[in-house]
2 protein chains.
Amino acid sequence: MGTREQIVDAANRLFYQQGFEPTSFAAIAEAVGISRGNFYYHFKTKDEILQAVIEARLASTRKMLVEWADGSADPLDRVRRFVEIVITNRGDIESYGCPVGTLTNELAKLDHPSRAHAVGVFELFRTWLREQFEDLGFDAEADDLAMHVLAFSQGIAALSNAFHDSDFVYREVARINTWLTERLASHTSADGAR
Amino acid sequence: MGTREQIVDAANRLFYQQGFEPTSFAAIAEAVGISRGNFYYHFKTKDEILQAVIEARLASTRKMLVEWADGSADPLDRVRRFVEIVITNRGDIESYGCPVGTLTNELAKLDHPSRAHAVGVFELFRTWLREQFEDLGFDAEADDLAMHVLAFSQGIAALSNAFHDSDFVYREVARINTWLTERLASHTSADGAR
DNA sequence: GCCAGGCTAGGACGAATGTCCTAGTGTGCC
DNA sequence: GGCACACTAGGACATTCGTCCTAGCCTGGC
């Protein structure tokens, strides 16, 4: 892995664990094991690193969503796969929260130009989830449902991070899965009644 | 209002709008209109201000919850009163997110000693909500429901902040209100069936 | 074998940070 | 009137920040 990739990788991790603002050039350089001078050769400003990190997150998210789509033919299973990330990543979420939500909020508070760029990760999830609901037969409602599932995950992340409670995460996942089943059942029955 | 109160007030606002770490002593002093030297007379360290701000938030939250409790005799109305804050404060939430969630997460990332103190505000809401559900006849489930409502508000705040979408907030509030009604109806009917 | 150029190291720069000190002002009590 | 003390102003301090410069290394092409 080249130096540039190592820098982006370390910055990605540190931005998540410590936040963007509190993470210094020196901290990233030290994490990679290079000098600050070398650092400057690859990235001229801190904002450049941020953009590269966001770009990397966009790319890895796109890749993940494609894999999820390939992993199951059932759109409902795909949505459930998304829901599960709060369980899969519960350790990190308890320690640092959701990588997407916490970064976008920090950039919002900093009034940072790259805020909109960071929101792009949310948009990927939103669009992907909407497509799943569309595949399940929803039209105008699909985006609303996508946003609800997204909001669910953000709520879990925030409280899991605050209370360090894994049981709560499992309970809420069970709740949303029940909701998904019911929601789909009422939709298909309404569809059949047409 | 004394100087100390003005400092806490300005710090409270700036910590919310800019975050704790990026807000400097100088910025707070300038907002109040005093010198940094004067500042030091009232607060020796930045952590002291943070503690005072958290203390102020705890106090104002307690006061608000008592007022809500006094404002309505119906526990369900009280819960709805809580749910409404995402509408009442939607402007600030769109710009800066939830004051409680964003601070606790920032302190978590900073591994700050006051993190647990800040979580206290969440605990106030959680306890208060649990009591409302207990008044509605729930026992062991009351805390779970309280956490769900809390998670709902956090999810809304995160996405409202990311997408700047007021309509989404209204839709989700309608959704949770429907859920509350149904949840209560199924509970009382089950209760009557005992 | 050597030379060009991608890459690296280490330090310098001004600005800003949290912290601290000291001199001074005002007001209330004797 | 004078003294004590709560309060204020302004600057000094070391450190760290993002940024930038320059000197050197190392490898590939001729």
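Just so it is clear: chains get the letters A, B, ... in the order the sequence lines come, proteins before strands, and each one is counted from 1.
- Classified by interplanar angle (parallel below 30°, tilted 30° to 60°, perpendicular above 60°), the ring pair B/Phe15/B/Phe20 is perpendicular.
- Rounded to whole angstrom, the span from the CD atom of B/Glu48 across to the P atom of C/dG18 amounts to 14 Å.
- Between A/Phe138 and A/His187, the ring planes lie parallel to each other; the angle is under 30°, not in the 30° to 60° tilted range.
- Note: A/Phe125 and A/Trp68 have tilted aromatic rings, judged against thresholds of 30 and 60 degrees for the angle between ring planes.
- Taking 4.0 Å as the cut-off between side-chain N and carboxylate O, A/Glu94 and A/Arg90 do not count as a salt-bridged pair.
- Per the geometry, CD belonging to B/Gln18 stands 10 Å off P belonging to C/dT17, to the nearest Å.
- Side-chain nitrogen and oxygen atoms of A/Tyr41 include at least one within less than 4.0 Å of the OP1 or OP2 phosphate oxygen of C/dC7.
- A straight line from CZ of A/Arg4 to C1' of C/dT8 spans 17 Å, rounded to a whole angstrom.
- For B/Trp179 and A/Trp179, the ring centers are positioned 6.0 Å apart or more.
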(request) Report, as a single string ordered 5' to 3', how protein heavy atoms within less than 4.0 Å touch nucleotides 12-25 of chain D: B base, S sugar-phosphate only, - not at all. (result) -----SSBB-----

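- A donor-acceptor contact closer than 3.5 angstrom links the side chains of A/Glu55 and A/His117.
- One atom, CD1 of A/Ile34, and another, P of C/dG10, lie 12 Å apart when rounded to the nearest Å.
- Listed pair B/His42 / D/dT8 meets the phosphate criterion, a side-chain N or O lying under 4.0 Å from OP1 or OP2.
- Between A/Thr3 and the phosphate of C/dT8, there is a side-chain N or O to OP1/OP2 separation shorter than 4.0 Å.
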